Amino acid sequence: MLDPNFIFNNKELVKEKLSNKKYILDYDKFSKLYLLRKKAIQNLEELKGKLNQFNKKITQEKRKPSSVELEEIKGFSNQSKEAEKNKKKVEVDLNQMLLEIPNLHDDSVPKGENELSNIEVRKIGTIKKYDFKILDHTTIGKNLNLFDLEVAAKITGTRFNLYRGLGAKLERALINFMLDEHGKEDYIEIFPPFICNKESFIGTGNLPKFEEDLFKISGTDNYLIPTAEVPLTNIHSNEILDSSVLPIKYVAYSACFRSEAGSYGKDVKGLIRQHQFNKIELVKITDEFSSFEELEKLTSNACSILDKLELPYRVVTLCSGDTSFSSAKTYDIEVWIPSENKYREISSCSNFCSFQARRANIKYKVDNKTNFAHTLNGSGLAVGRTFVAILENFQNPDGTVTVPKALRPYLNNIEIIS
RNA sequence: GGAGAGAUGGGUGAGUGGUUUAAACCAGCUGAUUGCUAAUCAGCCGUACGGAGUAAAUCCGUACCGGGGGUUCGAAUCCCCCUCUCUCCGCCA
């Protein structure tokens with residue numbers, strides 16, 4: 001959520017930035033609600049003040065009000081009740097509008113409409129030359145009996161997967177490897193619930209706008225998490241943190257559930273786009289001064305997993321139009337997928353500045369002053385896509401797959417999956 | 001699933017309709033005193049919003065005792081709904 005005072009006082013700037021993010025702000029509607037709210041508050045407080053004064057007098061004089069007084073004061077009481085209802089209604093209206101306004105992108109973000117305007121920051125690792133006909137991960141997985149999309153389709157449906165044998169072990173090894181590596185960087189490990197309530201989703205910005213992307217638990221206001229960002233960021237909702245505990249760093253494994261509404265034709269083959277997948281998530285809560293510095297660190301923490309797994313990748317700064325609803329600045333990390341001959345997103349690292357903190361009410365205190373905290377997150381990494389990248393990048397001419405050295409201790413020191 | 005108890009400031013905890021402007025204690029901060037540590041004494045010690053102030057300091061007002069609604073001139077206190085916690089029983093990994 002943006003600061004309503006900031007919107008009110010920076011009309012042109014806010015409108016322009018939002019339009020770069022493909023959002024047309026109805027400023028007139030906003031300022032009308034903003035001013036109505038102020039007026040409603042002033043009206044209510046004046047009436048309440050009169051009422052309080054009268055009641056204080058009665059109390060001090062230790063007597064019951066006379067019938068004449070009662071008549072008069074009842075009028076005030078009723079008026080103030082009306083004023084209160086009016087205030088609440090205006091506040092709800094304003095709040096609803098604010099919840100649907102995206103975050104402003106940071107000035108360091110390139111302006112642009114779509115991914116064509118994203119800027120490559122760096123490219124790491126060398127793409128192998130293969131002197132044999134390479135296979136895609138679906139074929140490799142099938143040949144080596146590592147996972148079974150058909151069985152998953154039978155027992156659940158499309159876009160679900162079942163890992164089997166060494167495939168299941170590889171997936172688990174990756175999870176443990178990533179958690180351990182981030183633990184070395186002093187991220188506190190969390191094992192969160194995979195279902196969160198509506199308030200938590202509003203806190204991170206998934207609701208109210210993106211409900212269709214989520215799986216709702218029938219008969220409740222709860223949803224399956226699409227990422228551990230939701231529980232992790234909300235650990236400190238409605239709290240005022242002492243500045244000495246910042247930055248707070250969390251890492252968590254979770255299964256992630258996404259409806260993938262509106263992506264029916266996309267990536268229908270293989271493990272790239274699933275309704276359920278595994279992911280390691282990094283979340284940071286910082287003060288307002290260090291968040292961009294912490295974003296750089298968080299991004300390189302995510303990259304270091306790819307470095308250690310010897311997977312080629314590149315880092316991209318998303319342009320304004322490609323930056324998500326809640327984010328002020330996002331780096332995408334994209335891993336090389338040989339069968340597609342291109343880089344594919346494997347992590348998205350974002351600084352939300354105070355946008356989520358306002359929604360989730362996360363503050364910190366320094367020198368007796370409270371401010372909204374800044375929140376950040378990034379995948380470290382998407383496990384399923386890492387699995388895909390390993391199968392494809394480490395495939396051998398004989399159809400086997402070499403296990404990256406760093407991962408072997410997690411896989412009974414197996415060197416080759418055959 | 002059944003029965004019961006509870007939720008009050010950073011913590012413990014009093015408070016069953018009106019000086020509650022939430023007692024008291026602990027923790028914390030500031031100052032005084034005293035060789036140091038410590039002890040003692042005094043003061044301070046929440047959040048949000050609105051208003052005044054060029055701004056900061058500050059001052060005034062309003063709201064907040066798990067959340068929402070209601071009764072009343074007046075609610076931490078009475079009524080209704082919800083959430084969560086604890087205890088016992090049943091079931092269960």
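Because the structure is a prediction, the values reported are computed rather than measured. A note on names: the letters A, B, ... follow the listed sequences, proteins ahead of strands, and every chain is numbered from 1.
- Remark: C1' of B:rC49 and CG of A:Leu35 are 16 Å apart, rounded to the nearest angstrom.
- Between the C1' atoms of B:rG17 and B:rU71, the separation comes to 12 Å (whole Å).
- Here the separation of B:rA57 from B:rG70, taken at their C1' atoms, is 43 Å to the nearest Å.
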Original post:
Using Watson-Crick and G-U wobble pairs whose two distances are both under 3.5 Å, how do you write the pairing of RNA chain B as dot-bracket, with | for links to another strand?
Top reply: ((((((((.[[[..)..(.....]]].(((((.......))))).(((((((.....))))))).[[[[[..)....]]]]])))))))....
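- Evaluation of the side chain to side chain donor-acceptor pair (under 3.5 Å) rule for A:Glu211 yields A:Tyr223 as partners, not counting sequence neighbours.
- Atom CD of A:Gln53 and atom P of B:rG61 are 9 Å apart (whole Å).
- Both A:Arg37 and A:Ile58 sit near RNA chain B, but only A:Ile58 has its closest nucleotide nearer the 5' end.
- When the C1' atom is used for both B:rA55 and B:rG74, the distance is 40 Å, rounded to whole Å.
- The residue A:Lys56 sits apart from the nucleic acid: no heavy atom pair falls under 4.0 Å.
- Distance noted for atom P between B:rC44 and B:rC25: 14 Å (whole Å).
- Checked by atom type and distance alone, the side chain of A:Gln274 pairs as donor or acceptor with a backbone atom of A:Asn161 at under 3.5 Å.
- The side-chain heavy atoms of A:Thr386 and A:Ile346, taken from C-beta on, include a pair separated by under 4.5 Å.
- Using modelled atom types, one finds a donor on one side chain and an acceptor on the other under 3.5 Å when comparing A:Glu171 with A:Tyr163.
- Identified under the side chain to side chain donor-acceptor pair (under 3.5 Å) test for residues 235-256 of chain A, with sequence neighbours left out: A:His236-A:Glu239, A:His236-A:Tyr250, A:Asn238-A:Asn361, A:Asp242-A:Ser244, A:Tyr253-A:Asn278.
- As a whole-Å value, the separation of A:Glu199 CD from B:rC82 C1' is 12 Å.
- Ring centers of A:Phe355 and A:Phe325: under 6.0 Å apart, within the cut-off.
- A:Thr375 and A:Gln356 are linked by a side-chain donor-acceptor pair at a separation below 3.5 angstrom, with hydrogens and angles left out of the test.
- When rounded to the nearest whole Å, the span between NZ of A:Lys48 and P of B:rU21 equals 13 Å.
- A side-chain contact (heavy atoms from CB on, under 4.5 Å) with A:Tyr331 is found for one member of A:Val316, A:Leu295, A:Asn351 and no other, namely A:Leu295.
- Here A:Lys57 does not reach the OP1 or OP2 of B:rG74: none of its side-chain N or O atoms lies under 4.0 Å away.
- Applying a 4.0 Å cut-off to non-hydrogen atoms, the residues of residues 71-91 of chain A that approach RNA chain B are A:Ile73, A:Lys74, A:Ser77, A:Lys81, A:Lys85, A:Lys88, listed by residue number.
- For the side chain to side chain donor-acceptor pair (under 3.5 Å) test, residues two or more places apart in sequence or in another chain that qualify with A:Ser290 are A:Asp287.
- The separation of B:rU34 from B:rA39, taken at their C1' atoms, amounts to 9 Å, rounded to a whole angstrom.
- The interatomic distance linking A:Glu239 (CD) with B:rA48 (P) rounds to 15 Å, in whole Å.
- Under the 3.5 Å distance criterion, the side-chain polar atoms of A:Lys279 are left unmatched by any main-chain donor or acceptor of A:Ala255.
- A cation-pi arrangement is absent between A:Lys50 and A:Phe76 under the rule of less than 6.0 angstrom and at most 45 degrees off the ring axis.
- Spacing of P atoms, B:rC82 relative to B:rA22, comes out at 32 Å, to the nearest Å.
- The phosphate of B:rG74 has neither OP1 nor OP2 within less than 4.0 Å of any side-chain N or O from A:Asn52.
- A salt bridge between A:Glu340 and A:Arg344 is present, with a side-chain N of the basic residue lying under 4.0 Å from a carboxylate O of the acidic one.
- Taking the C1' atom of each, B:rC80 and B:rA14 are spaced 27 Å apart, rounded to whole Å.
- Nucleotides B:rA76 and B:rG6 are separated by 15 Å at their C1' atoms, to the nearest Å.
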Report each atom pair, protein N/O against N/O of nucleotides 43-47 of chain B, whose distance is under 3.5 angstrom.
from, atom 1, to, atom 2, distance (Å)
B:rU47, OP1, A:Lys365, NZ, 3.2

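- Ranking B:rA63, B:rG61, B:rG74 by closeness to the A:Glu45 side chain, first place goes to B:rG61.
- Two residues, A:Ile41 and A:Lys50, neighbour RNA chain B, and the one matched to the more 5' nucleotide by heavy-atom proximity is A:Ile41.
- We find that CG of A:Leu94 is positioned 13 Å from C1' of B:rC49, with the value rounded to whole Å.
- Rounded to a whole Å, the CG atom of A:Asp221 is 19 Å from the P atom of B:rG67.
- In terms of modelled atom types and a separation under 3.5 Å, the side chain of A:Thr59 and the main chain of A:Asn55 share a donor-acceptor contact.
- The distance between atom NZ of A:Lys39 and atom P of B:rG51, rounded to the nearest whole Å, is 14 Å.
- For B:rG50, its base never sits under 3.5 Å from the side chain of A:Gln42 at any donor and acceptor pair.
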